Amino acid sequence: MYDPLVNNDIGCNATYPNSYWAQHVDTQPDTVTLQQDITTDVVVVGGGYTGLSCAYQLAQRFNREVTVLEANRAGWGCSGRNAGFVLRGTGRLSLAQLSQKFGLDIARVFHQEYSDAITQVRQMIAEGNINCDAQTPGYLKVAHKASLAADFPAQVEFLQRQFGYKAEYLSAAEVKSDYMHNTQAHGAIRFADCFGVNPLALAQGYAAMAQRSGARLYSGSPVTKWQRNTDGGFVLQTPQARVHCKQLVFATNGYTPKGFYPPLNRACLPVLSSIIVTSPLSEQQLQQSGLHHNQIVMDTRALKYYYRKLPDNRILFGGRSAVYGKDAEKAVYPARLLSALKNCFPMLDDLRCDYHWSGWVAVSYDDLPRVCEAESGLFYAGGYCGSGLSFSTLAGVRLAELTMGLALPDLPIYQGTLAPFPLPAFRRLGQQGYYQWGRFKDRFL
Ligand SMILES: Cc1cc2nc3c(=O)[nH]c(=O)nc-3n(C[C@H](O)[C@H](O)[C@H](O)COP(=O)(O)OP(=O)(O)OC[C@H]3O[C@@H](n4cnc5c(N)ncnc54)[C@H](O)[C@@H]3O)c2cc1C
């Protein structure tokens, strides 16, 4: 599997991974490969949510001439592989941690931005009439230990008092009676506005919207080289053509090839996240597991598990995976996820794994993303730390606004670039160390 810390070449025109999502979309984006030299106002490199949302804004709202260059096809990266959780927030810091780090006033601006991100996804789905199987809202953050659940009522009270956000505390008994018989659920916080979608259908919907509004979208068109022109603009090379532009947006995030833009390469740690989708639950298994809802669920582990019941009664279950791309397809990783699922739901011992796939999330050094003008005329967004579905959609809006010279909300994520990792060559050693510590903490602490 392509590994952004190892490979300079992302490849070209690869098909979607054999995911559940790829089997459950009915259309393919109508795109072609760039075959002749062009000049355009703005180039967006990368056709995931960030790039497509940015292109849509540039064309629709600002009437700019914009070209998206995607190495493979729309949503081929994380955007077509994720779990489809439209979450409130991004990065790895909670509102309580943001309050501690930046003060309550800034945390409230974050809260508003996170609300706007969910609203933006909802608006895109409505405007584009995107059929992405949006589920009944509700996200359960589940305590995998009783000691962690003990703090949940105070967390809910904090969200209600300081942010006016109506989070709801659920005791272990309420989780069991109303949501699921997960033997490792000791209580939950329910967030009422988050929801599940088919993420690939969403990405393809964004692609169609960008195209309909006038953006040109080329698939099978990796940018293999780029440089600045003497006039301050840029020239980019794809396998078959050159593109000249005034402004350049990198929306390559966790899939940025090695050496593509060293300041961005040094500031992201691409981390594999893997998903399995099981065989469908029988009526009896639904009764036994109590899984009658389509709420999205994540637990409190350092190495988190996330899961949801899909519309056809299969379970999607995800978590951390191999460290290196070359190991991603090894059978041990889906087997571990299936076993973790069965530890939560011992009554589902008969389930088998029907699909398994992985993708690269971009982890940043300080656990927060950035949307920025890295140098004159060159913009990027990334570092969502695995929580980027809703925020990448808004990041596309913010990127487009930045290219227009508009002021963004007063937040640290819009001030400055991603911080480089110290000793970037040793990032994966650090990651392995973190995984060891995470396993220890989740088990014993
Ligand atoms: C298994 C998994 C589960 C996840 N689950 C969730 C979830 O449920 N909820 C959530 O909020 N987040 C989730 N995420 C994270 C979320 O999917 C990402 O944050 C989001 O999709 C990032 O979108 P993006 O557009 O920035 O990047 P991507 O979608 O990764 O797009 C980058 C694109 O750039 C292209 N590219 C790279 N280099 C070049 C080049 N040189 N030339 C041309 N094109 C190039 C790639 O082909 C790729 O299509 C998950 C991620 C994974 C992997």
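Only this structure's heavy atoms are used, side chains among them; waters, hydrogens and symmetry mates stay out. Please read all numbers here as calculations on a predicted model, not as lab measurements. For ligands, and for the atoms within them, numbers begin at 1 and follow the listed sequence.
- Annotation: Asn82 places an N or O atom under 3.5 Å from an N or O atom of ligand 1; distance criterion only.
- Here atom 40 (C) of ligand 1 lies nearest to Val45 when heavy atoms of Val45, Leu52, Val361 are compared.
- Counting non-hydrogen atoms of other residues, nucleotides and ligands closer than 6.0 Å to NZ of Lys304 gives a total above 12.
- By heavy-atom distance, the residue among Ala362, Gly46, Cys78 lying nearest atom 20 (C) of ligand 1 is Cys78.
- Between atom 12 (N) of ligand 1 and the options Ala83, Ser392, Cys194, Gly388, the minimum heavy-atom separation is to Gly388.
- Residue, atom and distance of the protein heavy atom nearest to atom 41 (N) of ligand 1 are Val223 O, 3.1 Å.
- The contact set between ligand 1 and Leu69, taken as ligand atoms under 4.0 Å from a residue heavy atom, comprises 43 (C), 44 (N).
- Applying the 4.0 Å criterion to heavy atoms of Pro222 picks out, from ligand 1, the atoms 42 (N), 43 (C).
- In terms of polar-atom proximity, defined here as any N/O pair under 3.5 Å, Gly386 does make such a contact with ligand 1.
- Between atom CG of residue Asp299 and atom OH of residue Tyr306 there is a gap of 11.5 Å, rounded to the nearest 0.5 Å.
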Would you check, one step at a time, whether the test salt bridge (Lys or Arg N to Asp or Glu O under 4.0 Å) holds for Arg428 with Asp3? CA-CA 12 Å; Arg428 285 210 161 137; Asp3 186 331; 3.0 Å; yes
Where do Tyr380 and Phe250 land on the ring-ring contact (aromatic ring centres under 6.0 Å, His included) test, with the steps shown first? CA-CA 5 Å; Tyr380 73 72; Phe250 290 151; 7.9 Å; no
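- Considering backbone and side-chain N/O atoms, Ser358 never comes within less than 3.5 Å of an N/O atom of ligand 1.
- Polar contact check, Ile275 against ligand 1: no nitrogen or oxygen pair lies under 3.5 Å apart.
- With Glu70 contributing its side chain and Ser219 its backbone, the two residues share no donor-acceptor pair below 3.5 Å.
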In sequence, state the C-alpha distance, the side-chain angles, and the governing distance for Trp76 and Tyr255, and then conclude on ring-ring contact (aromatic ring centres under 6.0 Å, His included). CA-CA 10 Å; Trp76 178 84; Tyr255 281 79; 5.5 Å; yes
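- Between Trp226 and Leu378 the shortest side-chain heavy-atom distance falls below 4.5 Å.
- Listed for the Asp366 side chain is a donor-acceptor partner under 3.5 Å among the backbone atoms of Leu368.
- Atom 33 (C) of ligand 1 has Glu70 OE1, 3.6 Å as its closest protein atom, hydrogens excluded (heavy atom only).
- With hydrogens left out, the protein atom closest to atom 32 (C) of ligand 1 is Ala251 O, 3.4 Å, a heavy atom.
- Taking any N or O of Arg81, backbone or side chain, none lies under 3.5 Å from an N or O belonging to ligand 1.
- Heavy-atom contacts of Tyr49 reach the following atoms of ligand 1: 21 (O), 25 (O) (cutoff under 4.0 Å).
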Quick one: do Tyr49 and Phe391 satisfy ring-ring contact (aromatic ring centres under 6.0 Å, His included)? Show the steps, please. CA-CA 9 Å; Tyr49 303 135; Phe391 186 73; over 10 Å; no
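- Here the rule is side-chain contact (heavy atoms from CB on, under 4.5 Å) with Glu65, and of Asp41, Ile38, Leu58 only Asp41 fits it.
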Evaluate the criterion side-chain hydrogen bond (donor to acceptor under 3.5 Å, both in side chains) for residue pair Tyr307 and Asn182; output intermediate values, then yes/no. CA-CA 12 Å; Tyr307 44 99; Asn182 176 344; 2.6 Å; yes
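- The shell of residues lying under 4.0 angstrom from ligand 1, judged by heavy atoms, includes Pro257.
- Residues Tyr261 and Glu375 have side chains that bring a donor and an acceptor to within less than 3.5 angstrom of each other.
- For Phe195 and Tyr139, the ring centers are positioned 6.0 Å apart or more.
- For Asn129, the CG atom is loosely surrounded, since the number of other residues' heavy atoms within 6.0 Å does not exceed 12.
- Ligand-side atoms of ligand 1 in range of Gly359: 53 (C), range being under 4.0 angstrom from any heavy atom.
- Within the 4.0 Å heavy-atom criterion, neither part of Pro199 lies near ligand 1.
- Distances below 4.0 Å separate heavy atoms of Trp76 from the following atoms of ligand 1: 47 (O).
- The proximity of Tyr384 to ligand 1, defined as any non-hydrogen pair under 4.0 Å, is limited to the side chain.
- With Gln295 contributing its side chain and Pro137 its backbone, the two residues share a donor-acceptor pair below 3.5 Å.
- Considering backbone and side-chain N/O of Ser221, none are found under 3.5 Å from N/O of ligand 1.
- In this structure, atom 11 (O) of ligand 1 lies nearest to the protein heavy atom Leu389 N, 2.7 Å.
- Those atoms of ligand 1 that come under 4.0 Å of a heavy atom in Thr50, given as number and element, are 24 (P), 25 (O), 26 (O).
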Step-by-step ring-ring contact (aromatic ring centres under 6.0 Å, His included) determination, Tyr165 to His111: CA-CA 9 Å; Tyr165 181 70; His111 176 67; 5.8 Å; yes
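- Asn253 ND2, 3.7 Å is the protein heavy atom nearest to atom 22 (C) of ligand 1.
- Under the side-chain contact (heavy atoms from CB on, under 4.5 Å) test applied with Val277, the options Asp354, Ile315, Leu310, Asp312 reduce to a single match, Leu310.
- Ranking the protein heavy atoms by distance from atom 9 (N) of ligand 1 puts Phe85 O, 2.9 Å first.
- At a heavy-atom distance under 4.0 Å, no atom of Ile296 approaches ligand 1.
- Within the listing of ligand 1, atoms 36 (N), 37 (C), 38 (N), 46 (C), 47 (O) sit less than 4.0 angstrom from a heavy atom of Ile10.
- A 6.0 Å sphere centred on CZ of Phe421 holds more than 12 heavy atoms belonging to other residues, nucleotides or ligands.
- Within the 4.0 Å heavy-atom shell around ligand 1 one does not find Gly382.
- Heavy atoms of Thr252 found under 4.0 angstrom from ligand 1 belong to the backbone as well as the side chain.
- In this structure, Tyr306 has a heavy atom closer than 4.0 Å to ligand 1.
- Of all the heavy atoms of Phe260, the ones lying under 4.0 Å from any atom of ligand 1 belong exclusively to the side chain.
- In this structure, Tyr355 and Trp357 have perpendicular ring planes: the angle between them is above 60°, well past the 30° mark.
- Below 4.0 Å from some heavy atom of Ala71 lie the following atoms of ligand 1, by number and element: 43 (C), 44 (N), 45 (C).
- Of the protein's heavy atoms, Ser273 O, 3.4 Å lies nearest to atom 1 (C) of ligand 1.
- The nearest non-hydrogen atom to atom 29 (O) of ligand 1, considering only Ser79, Gly196, Ala14, comes from Ser79.
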